[in-house]
Amino acid sequence: MNGKDVLGIVFANTDDDVISEVTGVRSMASVPFGGAYRLVDFTLSNMVNAGVTKVGIVTNNNYQSLMDHIGSGKHWDLARKSEGIYLLPPFNAEAVENYNASRIGALKNILHFLEKSHEEYVFMTDCTYVANLDLEEIFDYHEKSGNDMTQLYMHGKTPAIKDNPVIEKIEDGRITKLSLGTGEGKVTDFALKAVVIKKSLLESLVSVSYAKGLVSFEKDIILKNLKKLKVGAFEVKGFCKVIDSLGGYFDANFALLDTKNYRELFSQERPVYTKVYDDMPTVYGLGCDVENSLIADGCIIEGEVENCIIFRDCRVEKDAVVKNSILMPHGFIAQGAAVNYCIADKAVTVRSGKTLSGADSYPVYIGKNIHI
């Protein structure tokens with residue numbers, strides 16, 4: 001299957017509530033990750049690396065940050081005279097309510113966009129997982145298998161996301177038994193919210209389901225049609241982290257300090273693209289001590305940094321100590337301050353002499369623009 005035959009649909013606000021601390025001022029799609037990226041970067045990069053040239057991003061609220069980041073889509077080669085990237089915000093109060101209530105409602109509100117698109121297939125996904133997917137392989141599998149729908153899944157600890165599908169039985173590559181909201185924390189085969197489906201079938205299912213007042217794509221479309229439709233399963237292997245809590249977000253970032261995970265996510269064969277900032281290289285002061293950390297451009301590091309993810313334009317002054325923490329852009333840790341097991345949002349300042357410490361199982365979150 002050629003990627004140009006696939007329309008990408010990205011849900012930017014799905015499961016915002018699982019990390020409500022971070023998504024209070026932004027969508028899930030625009031949550032910073034890995035020192036220089038946003039969660040949407042991985043989704044868009046997966047698509048463009050597979051040849052997808054048209055992507056619609058379905059938004060609901062707090063999408064200003066996402067719009068600033070995406071811009072014209074040029075960083076993903078999606079700034080085009082035809083096709084390219086489309087931001088699809090809600091156009092009335094009912095659209096906002098439908099997005100919050102159901103994926104079927106959100107799809108109903110972009111049905112006109114779907115109908116106008118000429119692509120034969122749709123790859124529909126959210127931004128709650130981080131992975132470098134070979135979508136070309138997935139698209140080819142879907143076409144050759146004759147599936148009506150192909151559900152991506154992985155084997156591991158079931159995420160703490162409401163109504164996340166758990167696949168209980170697969171026969172000859174086809175899902176025959178599925179449940180919702182069970183197995184949380186157990187090691188199972190659980191579905192990612194990522195599906196390949198024929199566009200005409202999606203339009204029909206959404207129209208009929210919406211007319212019947214149905215709301216859940218997983219429950220009312222996938223689960224109820226297991227016997228009528230051939231719902232295939234494609235296992236995602238390798239590095240894939242699902243963001244299902246603040247702790248899960250913390251752990252997913254710190255997994256990148258393992259070189260194997262980092263190289264697997266940032267594959268040379270399938271690059272990850274993001275908005276590029278023209279910034280100076282990071283300056284490491286005399287006497288600084290930096291160990292096992294990811295540090296973006298534009299930082300000034302004069303103190304001690306250990307096991308950290310530090311975004312661009314942060315400063316750690318002399319005699320400051322930052323360990324096991326995430327500093328988002330424009331952070332400032334003053335001389336003599338100490339930070340351990342913390343997630344500091346954008347433009348956080350920790351003044352001299354202050355000490356903040358969480359735990360590996362419960363990191364402390366510091367909101368955007370807060371001065372301590």
side-chain contact (heavy atoms from CB on, under 4.5 Å), paired with Leu78, selected from Ile70, Ile85, Val52: Ile85
Step through the shown structure and confirm whether more than 12 heavy atoms of other residues, nucleotides or ligands are within 6.0 Å of CZ on Arg263. no
Residues Lys199, Glu120; criterion salt bridge (charged side-chain N to carboxylate O under 4.0 Å, His left out); working and verdict: CA-CA 6 Å; Lys199 185 170 74 72; Glu120 186 176 358; over 6 Å; no
Would you say the side-chain atoms of Asn46 pair up with the backbone N or O of Ala131, donor to acceptor, closer than 3.5 Å? yes
When you measure from the side chain of Ser204 to the backbone N and O of Ser200, does any donor-acceptor pair fall under 3.5 Å? no
Looking only at non-hydrogen atoms, find the nearest pair between Ala191 and Tyr153 and report the distance. CA-CB, 3.9 Å
Audit row: Arg315, Glu302, salt bridge (charged side-chain N to carboxylate O under 4.0 Å, His left out) steps and yes/no: CA-CA 8 Å; Arg315 181 166 186 172; Glu302 299 171 303; 3.2 Å; yes
Rounded to the nearest 0.5 Å, what separates atom CZ in Phe250 from atom OG in Ser361? 10.0 Å
Working for side chain to side chain contact (heavy atoms under 4.5 Å, CB included), residues Arg312 and His330: CA-CA 7 Å; Arg312 63 185 180 86; His330 317 303; 3.8 Å; yes
Are the ring centres of Phe139 and Tyr121 closer than 6.0 Å? no
Heavy-atom side-chain contact between Phe190 and Val242 under 4.5 Å: yes
Determine yes or no for a side-chain-to-main-chain donor-acceptor pair under 3.5 angstrom, with Ser117 supplying the side chain and Glu119 the backbone. no
Has Asn261 got a side-chain atom pairing as donor or acceptor with Ala255's backbone, closer than 3.5 angstrom? yes
With a 4.5 Å limit on heavy-atom distance, are the side chains of His118 and Glu83 in contact? yes
Answer yes or no: is there a donor N or O on one side and an acceptor on the other, between the side chain of Ser352 and the main chain of Ala334, under 3.5 Å? no
Side chain to side chain, Leu111 and Tyr210, heavy atoms closer than 4.5 Å: no
Measuring from Asn132:CG to Leu265:CG, what's the distance to the nearest 0.5 Å? 6.0 Å
With rounding to the nearest 0.5 angstrom, report the CG to CD1 distance, Leu205 to Ile104. 9.0 Å
Decide yes or no for Asp17 and Asp15: does some side-chain heavy atom of the first lie under 4.5 Å from some side-chain heavy atom of the second? yes
Is Leu256 close to Phe239 at the side-chain level, that is, under 4.5 Å between some pair of heavy atoms? yes
Out of the candidates Leu178, Leu180, Ile175, only one should pair with Ile222 under the side-chain contact (heavy atoms from CB on, under 4.5 Å) rule; please name it. Leu178
How far apart are the C-alpha atoms of Val364 and Leu356, what are their side-chain angles, what is the distance that settles it, and do they pass the side chain to side chain contact (heavy atoms under 4.5 Å, CB included) test? CA-CA 8 Å; Val364 171; Leu356 296 173; 5.5 Å; no
How about NZ on Lys224, more than 12 heavy atoms from neighbouring residues, nucleotides or ligands closer than 6.0 Å, or not? yes
Just by distance, do the side chain of Asp220 and the backbone of Val215 share a donor-acceptor pair under 3.5 Å? yes
Would Val283 and Ile295 show up in the same hydrophobic cluster when neighbours are defined by side-chain heavy atoms closer than 4.5 Å? no
Given the rule that I, L, V, M, F, W and Y join up when any side-chain heavy atoms are under 4.5 Å apart, are Phe254 and Ile366 in one cluster? no
Between Asp345 and Arg26, is the salt bridge (charged side-chain N to carboxylate O under 4.0 Å, His left out) condition met? List the steps. CA-CA 11 Å; Asp345 211 317; Arg26 56 175 71 86; 2.8 Å; yes
Non-hydrogen side-chain atoms of Met328 and Pro32 separated by less than 4.5 Å: yes
Quick one, Glu235 and Ile170 - any side-chain contact, counting heavy atoms below 4.5 Å? no
Rounded to the nearest 0.5 Å, how far does SG of Cys127 lie from CZ of Arg38? 12.0 Å
Show the numbers, then the answer: is there a side-chain hydrogen bond (donor to acceptor under 3.5 Å, both in side chains) between Asn13 and Asp16? CA-CA 6 Å; Asn13 291 92; Asp16 279 355; 2.8 Å; yes
Is Glu304 salt-bridged to Lys323, going by a charged N under 4.0 Å from an acidic O? yes
Please test Thr23 against Asn62 for side chain to side chain contact (heavy atoms under 4.5 Å, CB included), starting from the C-alpha separation and ending with a verdict. CA-CA 8 Å; Thr23 56; Asn62 289 335; 6.0 Å; no
Within the side chain of Ser293, is there an N or O that forms a donor-acceptor pair under 3.5 Å with the backbone of Asn307? yes
CG/Leu39 to CD1/Ile19 distance, rounded to the nearest 0.5 angstrom? 6.5 Å
Same cluster or not: Val272 versus Met47, using hydrophobic residues (I, L, V, M, F, W, Y) connected whenever any side-chain heavy atoms lie under 4.5 Å apart? yes
Check for me, please, whether Leu327 and Leu257 land in the same ILVMFWY cluster - side-chain distances under 4.5 Å, paths through other members count. no
Look only at the side chain of Asn340 and the backbone of Ser357, and say whether a donor-acceptor pair between them is shorter than 3.5 Å. no
Can a donor-acceptor pair be found, under 3.5 Å and without considering hydrogens, that links the side chain of Ser145 to the backbone of His142? yes
All N/O donor-acceptor pairs, side-chain side in residues 274-282, below 3.5 Å, sequence neighbours left out:
unit_1 : atom_1 : unit_2 : atom_2 : d
Thr274 : OG1    : Asp41  : OD2    : 2.6
Lys275 : NZ     : Asp68  : O      : 3.1
Thr282 : OG1    : Ala296 : O      : 2.5
Thr282 : OG1    : Cys299 : N      : 3.3

Here the gap from Phe11 atom CZ to Leu88 atom CG, rounded to the nearest 0.5 Å, amounts to 9.5 Å
What about Ile372 and Ile343, same hydrophobic cluster or not, with Ile/Leu/Val/Met/Phe/Trp/Tyr joined at side-chain heavy-atom distances under 4.5 Å? no
Would you kindly check if the NZ (Lys) or CZ (Arg) of Lys193 is within the cone defined by 45 degrees around the ring axis of Phe217 and under 6.0 Å from the six-membered ring centre? no
Is any side-chain heavy atom of Met28 closer than 4.5 Å to a side-chain heavy atom of Val18? yes
Aromatic contact between Phe266 and Tyr37, with the criterion being ring centroids under 6.0 Å apart: yes or no? yes
Given the rule in the side chain to side chain contact (heavy atoms under 4.5 Å, CB included) test, do Ile326 and Tyr249 qualify, once you have shown the distances and angles that lead to the verdict? CA-CA 10 Å; Ile326 299 171; Tyr249 171 73; 4.2 Å; yes
How about Lys4: does its NZ atom have over 12 heavy atoms from other parts shown lying under 6.0 Å from it? no
Kindly say whether Val231 contributes a backbone atom to a donor-acceptor pair with the side chain of Asn147 at under 3.5 angstrom? no
Leu66 to Ala12 - nearest heavy-atom pair and separation: CD2-CB, 3.7 Å
If you look only at pairs with a residue in residues 332-372, which of them pass as a ring pair (Phe, Tyr, Trp, His ring centres under 6.0 Å), with sequence neighbours excluded? none
